[in-house]
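When reading the values below, keep in mind they use all heavy atoms of this one structure, side chains included, and skip hydrogens, waters and symmetry mates.
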Amino acid sequence: MTYPLPNNTNIKELINSMEVEYIQECICGAMTITFDNGATNSMSRETFDKLGITGEHSPQKFCNCNHCVNHWGIDLCQCGSGQPVGQCECGSTEPSEVLGVKREFVGWAF
């Protein structure tokens with residue numbers, strides 16, 4: 001699986017250039033990484049393990065992360081279906097998040 005990167009950066013270079021503030025694990029099994037630039041990225045545990053991101057882990061598991069609730073992640077389709085990138089019936093090959101890029105806040109929905 002490939003991951004879109006800002007400014008055509010190599011994945012290892014990007015990971016090495018970013019400081020991880022902390023890593024959270026959700027009860028769904030997904031991992032959410034918070035970077036020093038304010039970006040948070042969710043991903044499956046399998047993707048997390050493949051990327052080799054290291055940092056301080058939160059001691060408690062969380063629930064209702066963006067990966068399982070909103071279907072956002074560097075490995076999930078941008079359409080919001082929750083399907084893996086490139087395997088969704090919508091045909092998109094774009095993820096809903098880009099590694100290391102802060103998601104725009106679009107406001108609260110009530």
Side-chain angles (χ1 to χ4, degrees):
M1 177 179 292
T2 59
Y3 307 97
L5 302 170
N7 304 324
N8 298 320
T9 307
N10 174 296
I11 188 83
K12 292 296 179 190
E13 288 175 11
L14 178 64
I15 291 170
N16 290 334
S17 71
M18 298 178 67
E19 188 172 324
V20 173
E21 286 193 355
Y22 58 93
I23 301 168
Q24 297 172 298
E25 184 176 2
C26 182
I27 60 172
C28 75
M31 305 299 286
T32 299
I33 315 304
T34 300
F35 295 100
D36 63 344
N37 67 355
T40 60
N41 294 126
S42 296
M43 62 201 75
S44 69
R45 182 62 190 237
E46 178 184 5
T47 299
F48 174 80
D49 290 343
K50 284 180 183 177
L51 292 177
I53 297 173
T54 59
E56 184 175 337
H57 285 254
S58 174
Q60 57 183 304
K61 286 190 179 184
F62 290 82
C63 59
N64 301 326
C65 73
N66 278 331
H67 205 263
C68 64
V69 173
N70 297 318
H71 297 145
W72 296 340
I74 66 167
D75 53 1
L76 295 180
C77 185
Q78 71 176 352
C79 76
S81 67
Q83 296 300 307
V85 175
Q87 298 177 22
C88 184
E89 61 188 40
C90 79
S92 175
T93 57
E94 298 294 320
S96 57
E97 292 183 343
V98 176
L99 185 64
V101 176
K102 188 175 181 177
R103 176 180 280 282
E104 280 190 51
F105 179 71
V106 293
W108 298 103
F110 293 99

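When every heavy atom of C63 is checked against every heavy atom of C26, the shortest pair comes out as CA-SG, 3.7 Å.
Considering only heavy atoms from C-beta on, H67 stays 4.5 Å or farther from E97 through its side chain. Residues M31 and D49 form no side-chain contact, since every pair of their non-hydrogen atoms from C-beta on lies 4.5 Å or further apart. A heavy-atom distance below 4.5 Å is not found between the side chains of K102 and N37. Counting heavy atoms from C-beta on, the side chains of F35 and L99 come closer than 4.5 Å. A 4.5 Å side-chain heavy-atom check between L51 and I74 finds at least one atom pair inside the cut-off. With contacts defined as side-chain heavy-atom distances shorter than 4.5 Å, the pair Q24/T40 does not qualify. Side-chain atoms of C88 and S81, non-hydrogen and from C-beta on, do get closer than 4.5 Å to each other.
Side-chain N or O atoms of N41 include one that pairs as donor or acceptor with a backbone N or O of G100 at under 3.5 Å.
Between E56 atom CD and T34 atom OG1 the span is 11.5 Å, to the nearest 0.5 Å. The NE2 atom of H57 sits 8.5 Å away from the CD atom of E25 when rounded to the nearest 0.5 Å.
Applying the side chain to side chain donor-acceptor pair (under 3.5 Å) test to T32 and every residue at least two apart in sequence or in another chain returns S42.
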